[in-house]
Q: 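Take a look at this one; I'll ask things after.
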There are 2 protein chains.
Amino acid sequence: MNYSRQREIIIDALSKNAVHPTAEKLYDIIKREHPESKIGIATVYRNLSKLADAGKIKRISALENSEHFDHNTFEHYHFMCEKCKQIFDIDANIAPDITKKIFEQTGFVVKDYDIVLKGVCKNCQHRNN
Amino acid sequence: MNYSRQREIIIDALSKNAVHPTAEKLYDIIKREHPESKIGIATVYRNLSKLADAGKIKRISALENSEHFDHNTFEHYHFMCEKCKQIFDIDANIAPDITKKIFEQTGFVVKDYDIVLKGVCKNCQHRNN
DNA sequence: ATGTAAAATGATAATAGGTATCACTTATTA
DNA sequence: TAATAAGTGATACCTATTATCATTTTACAT
């Protein structure tokens, strides 16, 4: 990855804005704070995506851009296999009392959650592609 | 909520397809299994949304349709306040060893996660609207 | 310093998931 | 069974994101 002034600005703006902004939000911030830069919105999207792929920043996106629905409303979490794209259920006792703990540590009342873990499922681990 | 044949088909299809389908996927399944129904895609979206609002099914969507980015790549989770829409960091020790536990219980290798908890932050609890 | 190839940019067209609109149909209930 | 509320299908629209492409920057060998 070569150096670019725009990328530097983007990384800098993201590190100074700990609000987990969207690409759009970050674009607004940059335009406001660097009116001379004339940065394009595509550059922001492009760089955020590239930086996330490179592991320099984290993309928070859960289920790759489309909503999924679950008939089971009983508390449980989800695991999405990167290879076969299937979503599996994970028993809630993996992280018991998470709601209670968060309230104790932060005072935040948890009403809902999307806990999506990603990786490779058992089946796909034994496959080549 | 009144009865409708389409809604019945949607609920039935969702309960029989534990793969956590998207609205689009469910629409395809329904067209295939009920070719007589002539259901429209908008009806599927509308009903899934309504059913999720009513708590009859669960919507898995994390961050309401746009990706967010985080400069901090060190393991931690997120809490989104429903009222002020801010995203806060939650320390990873809330659910320690989650990766290890999942591997032990399921054999799935976790490589990444989006753990997004939603509710009301401390500040907003003391506000009226 | 300078030429060249690879990488990056900005503007904008294109795409895709999801929602709004509206005329029409179906359920509910008095 | 008539009146009204709720639901439907078709499709236009919106919005987040990606692709395209001509132009500009960067890296780096000369």
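Everything numeric here is computed off the predicted structure, so don't read it as measured data. Below, all heavy atoms of this structure are taken into account, side chains as well, without hydrogens, waters or symmetry copies. The sequence lines fix the lettering, A, B, ..., with proteins before strands; numbering per chain opens at 1.
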Q: Round to a whole Å and report the spacing from NE2 of B:H34 to P of D:dT8.
A: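 Those two atoms, NE2 and P, are 14 Å apart.
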Q: Think B:K58 forms a cation-pi with A:Y77, using NZ or CZ under 6.0 Å from the six-ring centre and within 45 degrees of its axis?
A: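 Checked: cation-pi criterion not met.
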Q: Checking B:F88 now: which residues fulfil ring-ring contact (aromatic ring centres under 6.0 Å, His included) with it, not counting sequence neighbours?
A: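 Listed in chain order: A:F108.
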Q: Nearest whole Å is fine: how far is D:dA16 P from A:R59 CZ?
A: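 After rounding, the reported distance stands at 17 Å.
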Q: Round to the nearest Å and state the distance from B:D28 atom CG to C:dA16 atom C1'.
A: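 Those two atoms, CG and C1', are 14 Å apart.
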Q: Within the structure, does a side-chain N or O atom of B:Y45 lie under 4.0 Å from either OP1 or OP2 of C:dT19?
A: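 False: B:Y45 side-chain N/O out of range (4.0 Å or more) of C:dT19 OP1/OP2.
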Q: All N/O contacts under 3.5 Å from nucleotides 8-15 of chain C to the protein, with atom names and distances to one decimal?
A:
from   : atom 1 : to    : atom 2 : distance (Å)
C:dA8  : OP1    : A:N2  : N      : 3.1
C:dA8  : OP1    : A:R7  : NH2    : 2.7
C:dA8  : OP2    : A:K50 : NZ     : 2.5
C:dA8  : O3'    : A:S4  : OG     : 3.4
C:dT9  : OP1    : A:S4  : OG     : 2.6
C:dT9  : OP2    : A:N47 : ND2    : 3.0
C:dT9  : O3'    : A:Q6  : NE2    : 2.8
C:dG10 : OP1    : A:Q6  : NE2    : 3.1
C:dG10 : OP1    : A:K38 : O      : 3.0
C:dG10 : OP2    : A:G40 : N      : 3.0
C:dG10 : OP2    : A:T43 : OG1    : 2.5
C:dG10 : N7     : A:R46 : NH2    : 2.8
C:dG10 : O6     : A:R46 : NH1    : 3.1

Q: Determine whether A:I9 and A:Q6 satisfy the following criterion, side chain to side chain contact (heavy atoms under 4.5 Å, CB included), listing intermediate values before the conclusion.
A: CA-CA 5 Å; A:I9 291 174; A:Q6 286 86 335; 5.7 Å; no
Q: Rounded off to whole Å, could you give me the CD1-to-P distance for the B:I9 and D:dG7 pair?
A: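 Atom CD1 in B:I9 sits about 15 Å away from atom P in D:dG7.
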Q: Anything under 30° is parallel, anything over 60° is perpendicular, the rest tilted; go ahead and classify B:H76 against A:H20.
A: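 B:H76 and A:H20: tilted rings.
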Q: Taking CZ in B:F74 as the centre, count heavy atoms belonging to other residues, nucleotides or ligands within less than 6.0 Å. Is the count above 12?
A: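 Atom CZ in B:F74 is not crowded, with 12 or fewer foreign heavy atoms closer than 6.0 Å.
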Q: Show me the donor-acceptor pairs within less than 3.5 Å that the side chains of residues 41-53 of chain A make with the rest of the protein, sequence neighbours left out.
A:
from  : atom 1 : to    : atom 2 : distance (Å)
A:T43 : OG1    : A:R46 : NH2    : 3.1
A:Y45 : OH     : A:E24 : OE1    : 2.9
A:N47 : OD1    : A:R7  : NH1    : 2.7
A:N47 : ND2    : A:T43 : O      : 2.9
A:S49 : OG     : A:R59 : NH2    : 2.8
A:D53 : OD1    : A:R59 : NH1    : 3.3

